[in-house]
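Lettering follows sequence order; numbering is per chain, from 1. As the structure is a computational prediction, the values presented were derived from the model and not from experiment.
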Number of protein chains: 2
Amino acid sequence: MQSKGLSVYALGGLQEIGKNMYAIEHGNDIVVIDCGNKFPDESLLGIDLIIPDFSYLIENQDRVRALIVTHGHEDHIGGIPFFLKKINVPVYATRFTLGLIELKLREHRILRESTLIEIKSDSEVPIGDMKISFFRVNHSIPDCLGIVFNTEEGTIVHTGDFKFDLTPANNERPDIHKMAEIGNKGVLLLLSESTNAERPGYTPSEHMVGSNLDQMIGKAKRKVIVSTFASNVSRIQQVVEASEKHNRKLALLGRSMVNVVQVAMERGYLNVPKGMLIDAREINEMPPEMVTILCTGSQGEVGAALSRLSTGNFRDVEILPEDTVILAAGPIPGNERSVTTIVDNLYKLGAHVIYGSGSSSGMHVSGHGYQEDLRLMLTLMKPKYFVPIHGEYRMLQHHRMLAESVGVEEGNTFIIKNGDVVDIENSIARFTRSIPSGETYVDGVDVGDMEFVLRDRKQISEDGMIVIIIPMNKQDNKLLADPEFFSRGFVDQSFTELKRGMKRITLDTINELLDANRNSRNVLKKNIKRSISQYIKERTRKDPMIIPLLIEV
Amino acid sequence: MQSKGLSVYALGGLQEIGKNMYAIEHGNDIVVIDCGNKFPDESLLGIDLIIPDFSYLIENQDRVRALIVTHGHEDHIGGIPFFLKKINVPVYATRFTLGLIELKLREHRILRESTLIEIKSDSEVPIGDMKISFFRVNHSIPDCLGIVFNTEEGTIVHTGDFKFDLTPANNERPDIHKMAEIGNKGVLLLLSESTNAERPGYTPSEHMVGSNLDQMIGKAKRKVIVSTFASNVSRIQQVVEASEKHNRKLALLGRSMVNVVQVAMERGYLNVPKGMLIDAREINEMPPEMVTILCTGSQGEVGAALSRLSTGNFRDVEILPEDTVILAAGPIPGNERSVTTIVDNLYKLGAHVIYGSGSSSGMHVSGHGYQEDLRLMLTLMKPKYFVPIHGEYRMLQHHRMLAESVGVEEGNTFIIKNGDVVDIENSIARFTRSIPSGETYVDGVDVGDMEFVLRDRKQISEDGMIVIIIPMNKQDNKLLADPEFFSRGFVDQSFTELKRGMKRITLDTINELLDANRNSRNVLKKNIKRSISQYIKERTRKDPMIIPLLIEV
């Protein structure tokens, strides 16, 4: 039988944390797994989101059959509206994940024309010659799946994000028996997530956070404010239960907290006793020892509820001395400073603050498996080939070593980049080619190539800019008035002194060029720009953007 | 006897980490302690340094007698050149600290006119009615002092930065007996540093790093690259010794590494065997197992040696597979992302990388005392009053609790801000007043108030800007030509579409105002700015800076 070919690649998620997007190609069928975004770091000035470059899939859109989503975190669903606007394929996901996707599609006004198909961990989806099935995994959001692709070439497994939590707060245990069975039948290639591949041991259970929350809420004398990820429904459920036990009502602050809790309650993932939820405006009317507040902003995000509370800028709600604030989330790398700034401000308000990095405060556990969790997955699946995914380069390398420690043969692990393709033929996997991949920046409503815009923003933001306005007569090329100068983001005191020099240089340059009969607008501008730039650099050691504007009248 | 008055305050270092500057006033005499800088975070676009606002001291400069420097770290000496340019007082510091200060003053070309006075831990300096003496403390740089101010009101002690390292790598043990004696004679007020007040236990000894370095360098099969702070001379000494033991030559990369090692060697703080140092260009001629490289850049600083090595951009030196890279420094909060990016790049080069947060890798220990170190200092000094310094707000609060746990009376600890003054009269301390304090931004060669400049830079850097040029006739207020628009840092594709709308709005606004005889330039500009801004926000959800320019001919 002629092999149809089976290929695996990523458009996002390899050698980075964020914008996960993987794909399986079998013959004429492409199935996409996840479509996330990532948040830009400070160097991408003013960019709101980064999503994968979809161009390869757009070129092959007649072969794209489905988007399967493993779970509802932003780095797995945040790119979906942008993707569906280009390629409107059916989206398969579990009930809770679909709820979060719907929020997004509604915001982008494309919910009605989208096809959303609910699956469960025991669903089977046939696509082309592939039989696709699923298994339940634990993570820090409900209803997470791993995916199994059964093909004539062999079986490919994608783990999704996972940990093994044997005492999960929601009692939804991982499908370990099913995983064992899949492994027993033979896995040709495993794609497994690598976030915590550097951390030894097992991830602690979500259960641990529950008992600590209960203890702390029980001890608190006044208001309790818990900040966590809105999508961590199990943790929210534990806050609900501890608050109920200690006779506290619950208020929700922050848009995503309100939205996600609503989805979770409507779809049966969160159980809040009737009458327990109160409005933010009711908080002040209650005795403080009867109130728990659940809020967003655990990462120190400016403008989120916790940040506003910490600076006294939240309407109707105030943090007062002896209130207890619990940061039930570890800072994501890069957010440490923002978080400690908030902790500091909370201290200034006189609050007790429970915080700490990682699990050290007892108020947070990771949703991603540590080394022993990863080894357990590898042991259950016994794959012939292994592609570590969802991690920065060093995490993928650590994951490779873990795989080899439990029996994956040396040379059978592929550490690849976004766009690199692993092709499988006759049960042999090879990496020989790449497809286009990259980052797409989203700025406000615009999606596009922002390279020049960013370069401009960066130069202006570091050294400011100087604009030179040169009013010229269209007919005779004579100056109509003296050139004018204005600056933005440039130190003013030196600017006043510099104006005289710039004026002289501009006039000299214009006269020189006109004398030589070189009156092309571009030549004029280029020369003025160069001589002014040089002059400013010498005087100030700064390199502002210089913009000559010829105004022709 | 009439009390002369004794006052204590900070111009930097309280409720922040960085730009330490404290002062003691006794009668007509002001003694300043340290004058550091701090590095701006990303929100201060293009700012190079932050230094304390000296205006209070400048106003009282006829009373400022001396600057005493506890040790040579940037957050204690980085502001000195700027300070001496305003107030040229004698600078007292130990031999090594003076070496580093001299480097700075030479760079600023004010070394010759400065007065530098060398002190030792057993020196005594009389200033006015104060007798000033010192005691040796351990930290992560050689030759550190605590300061004792003996006055008729009582004794004030400033600890400097410290830990208690009973097995320091340089055998310079802390003056514990002297501290005990000072405490026995009675301390009225203690100023003690708070950096690690949140961390339980004792700081591990620098010695521990030495044996780990030795082991790792002994095991390495090829080149070893160690990155650490250039000022941590003890750690550098341990790298020297381990390299010597394992028959390796030593190359230094990075300007500050070369400079500081030179100062340390010249002044007898670092002992490097003759012939051991090699030039960077000689590295490639040596067998790799005979080379150790010491380099700057352990904080992931862009442009520093380690960053350039990690991307293959260091002339003459290359990191190759199986080389060992040791990050012998923990990331300072805020630098985590830059450091992990470098670790990732080093992995891609095939290097073994030894890294980790805090002391977890065994290759770094803090120079700041943990809780038990701080308790020991408080116990030795037995102060009546306590002012925790050198720390963010929550650290100061933690330090207060530590003080109370070892006997400082409740109510006798002052948690104050920069500029707050603690006045002592008849042995009673009170906080009742404040003096001017603040931040001064240094941008290139300019020192000044950058608030407006920064606000501009920020807005432009996030959303770009749009300039509207309106050429008008000075006499009759008529437009001489159509308004022109140009943008920078703004997404171009939408700009082209927006121009038509902006033109219409500008013309409408001008006509409307001129019809109403409101032809003041400011009114015109304000109205155009407002209506264009509104239009752009509606269309693009962005808020670029709008700059209307009237060009009058």
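Using a 4.5 Å cut-off between heavy atoms, B/L346 makes no contact with chain A at all. With a 4.5 Å cut-off on non-hydrogen atoms, B/T340 touches chain A through its backbone and its side chain both. Of the atoms belonging to A/I415, not a single heavy atom falls under 4.5 Å from chain B.
Between chain B and the options A/K348, A/M395, A/E484, the largest number of non-hydrogen pairs under 4.5 Å is found for A/K348. Put simply, of A/M465, A/E336, A/R394, A/Q397, the one with the most heavy-atom pairs under 4.5 Å next to chain B is A/R394.
By the 4.5 Å heavy-atom criterion applied to side chains, A/Y355 and A/V339 are not counted as neighbours. In this structure the side chain of B/V325 reaches within 4.5 angstrom of the side chain of B/L306, judged on heavy atoms. With a 4.5 Å cut-off on side-chain heavy atoms, B/H390 and B/T195 count as touching. Using a 4.5 Å cut-off on side-chain heavy atoms (C-beta onward), A/Q15 and A/L396 make contact. The shortest distance between side-chain heavy atoms of A/I528 and A/K525 does not fall below 4.5 Å.
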